[in-house]
Amino acid sequence: MSQLPDIIDLTNDKDTDQPTESSKKMKAIGNFIRQKAANIGIPNDKPFYVEQLAASAALENTLMSMDQGMSRFGQIPGNGNVPSIAELQQMLELAWQEGYDRDGAAQLNYRVVGTHKWIGATEAYCILAHLGIRSQIVDFHHPTMADGTHPALFEWIAEYYTNGEIENLASNTAPNVRFTNRHPLYLQHQGHSRTVVGVELGDSGTNILLFDPDIAIAHSEDSPAKLKLFRLQLGATRRADQYQVLYPLPVDQAEIPKLISSLRIP
């Protein structure tokens, strides 16, 4: 089964918008982004939904065997193919029937198939639970700086990736790019969700690297302007008072809780 690694850019650049050895670095990150999208069967020139990434990445990364995943939802093919929105809606309703998140199910009237209802971290938890994948929600329930930003969120995500096991570098990456065995993160705030795939560390601070379904990325040569589309800087977190992160846990034989709880930070 193929791995779907995440990226940590351990660079000493003082200005991440104008990196040293910019050509090598931009090509490395660009190659990573294209590989990330290709490995999970999503074209990187079109928007896509975060829930599709969460389910397909978890299955592809053998948190459980693909056989187990297909036995729970037989319409999901192997080889990294992504479940459709309709299939995800079906899985969510099946999870509710199994007793997951009854309060959330009641708020949505137990029905999402064929609708345009928005779903968030708790619904993603239910979808993964239906597939036999246990996950954890981390709740950053208020800003941790007086200016309204969320440095605790950035610190947690940076620690999540830097504590991952480093994989062998691909031949087409720059020396300051590291791949780990960590899974993508589901990042949610009011009205929007994105997929975190890594962090960029430098003297000027930390950037989060992510896919945003509201941003379409055209096929073009790598450039600093293009890379900005994948970066979330700390100042941009002022847009919301609360953020939630969902991540899959390692294989665990314990029963998946049907009542969802979150880890609150701070």
Side-chain angles (χ1 to χ4, degrees), residues 6-9 16-17 49-51 53-55 57-58 92 95 100-108 112 117-129 133-164 180 182-215 228-250 256-266:
D6 299 289
I7 186 171
I8 306 171
D9 185 2
T16 56
D17 289 333
Y49 292 103
V50 179
E51 291 80 8
L53 282 169
L92 179 55
Y100 292 103
D101 192 23
R102 294 184 185 279
D103 290 341
Q107 290 176 8
L108 294 174
V112 290
K117 295 177 181 178
W118 289 7
I119 67 173
T122 55
E123 287 76 30
Y125 174 101
C126 292
I127 291 171
L128 293 178
I133 300 168
R134 188 169 182 171
S135 59
Q136 176 67 57
I137 294 175
V138 184
D139 184 9
F140 300 87
H141 56 100
H142 62 72
T144 47
M145 287 290 286
D147 63 358
T149 59
H150 291 259
L153 169 67
F154 274 56
E155 292 167 6
W156 188 94
I157 291 176
E159 183 176 358
Y160 173 83
Y161 284 113
T162 55
N163 285 343
T180 81
R182 293 295 195 179
H183 296 276
L185 299 171
Y186 181 111
L187 177 64
Q188 174 81 33
H189 67 80
Q190 182 64 39
H192 193 45
S193 57
R194 289 167 285 183
T195 303
V196 177
V197 295
V199 292
E200 186 178 35
L201 306 177
D203 291 344
S204 59
T206 298
N207 294 323
I208 293 175
L209 300 177
L210 51 73
F211 291 146
D212 189 331
D214 281 352
I215 298 176
K228 286 181 180 180
L229 300 175
F230 297 99
R231 289 184 175 121
L232 177 66
Q233 296 181 322
L234 181 60
T237 61
R238 293 189 185 96
R239 69 178 64 182
D241 291 332
Q242 181 181 12
Y243 286 84
Q244 289 182 319
V245 168
L246 177 141
Y247 66 98
L249 296 172
I256 301 174
K258 289 184 167 57
L259 181 64
I260 301 176
S261 61
S262 65
L263 174 65
R264 290 170 65 90
I265 297 179

*With a 4.5 Å limit on heavy-atom distance, are the side chains of Leu201 and Thr162 in contact?*
yes

*Taking side chain as C-beta onward, heavy atoms only, is Leu210 less than 4.5 Å from Thr195?*
no

_Working to the nearest 0.5 angstrom, can you tell me the gap between Leu259 CG and Asp103 CG?_
7.5 Å

_Gln190 CD: over 12 foreign heavy atoms closer than 6.0 Å_ = no

*Is any side-chain heavy atom of Leu187 less than 4.5 Å from a side-chain heavy atom of Leu153?*
yes

*How long is the span from the CZ atom in Arg231 to the CG atom in Leu209, to the nearest 0.5 Å?*
7.5 Å

*Nearest heavy-atom pair of Ala240 and His189: which atoms, and what distance?*
CB-CB, 3.7 Å

_Heavy atoms from other residues, nucleotides or ligands near CZ of Arg238 exceed 12 (cutoff 6.0 Å)_ = yes

*About how many Å separate OG1 of Thr122 and CD of Gln107, when rounded to the nearest 0.5 Å?*
8.0 Å

*Which value, rounded to the nearest 0.5 Å, describes the distance between Asp139 atom CG and Gln244 atom CD?*
5.0 Å

_Quick one, Ser193 with Ile119, criterion side chain to side chain contact (heavy atoms under 4.5 Å, CB included). Give me CA distance, side-chain angles, the key distance, then yes/no._
CA-CA 9 Å; Ser193 57; Ile119 67 173; over 6 Å; no

*Would a distance-only check, ignoring hydrogens and angles, find a side-chain to backbone donor-acceptor pair under 3.5 Å from His192 to Asp212?*
no

*Taking Tyr125 for its side chain and Asp101 for its backbone only, find out whether a donor-acceptor pair lies under 3.5 Å.*
no

*Of all heavy-atom pairs between Gln136 and Ser261, which one has the smallest distance, and what is that distance?*
NE2-O, 3.8 Å

*Taking all non-hydrogen atoms of both residues into account, name the closest pair between Phe140 and Ala152 and its distance.*
CE2-O, 3.6 Å

*Do Pro248 and Arg134 come within less than 4.5 Å of each other through their side chains, counting heavy atoms only?*
no

*Search all heavy atoms of Pro151 against all heavy atoms of Met145 and return the closest pair with its distance.*
CG-CG, 3.2 Å

*Is His141 reaching over with its side chain to a backbone N or O of Pro266, donor-acceptor style, under 3.5 angstrom?*
yes

_Looking at every non-hydrogen atom in both residues, tell me the closest pair between Lys117 and Leu108 and how far apart they are._
NZ-O, 2.7 Å

_Contact check, side chains of Tyr186 and Tyr247, non-hydrogen atoms, under 4.5 Å_ = no

_Could you report the tightest heavy-atom contact between Gly235 and Thr149, atom names first, then the distance?_
CA-CG2, 4.1 Å

*Drop me the distance from Glu200's CD to Phe230's CZ, to the nearest 0.5 angstrom.*
12.5 Å

*Could you check if a side-chain atom of Leu246 sits within less than 4.5 angstrom of a side-chain atom of Leu128, using non-hydrogen atoms only?*
yes

*Look at the aromatic rings of Tyr160 and Trp156 and report parallel, tilted or perpendicular, splitting at 30° and 60°.*
parallel

*How long is the gap from CD1 on Ile157 to CG on Leu232, to the nearest 0.5 Å?*
8.0 Å

_Side-chain donor or acceptor of Thr206 paired with backbone N/O of Phe154 under 3.5 Å_ = no

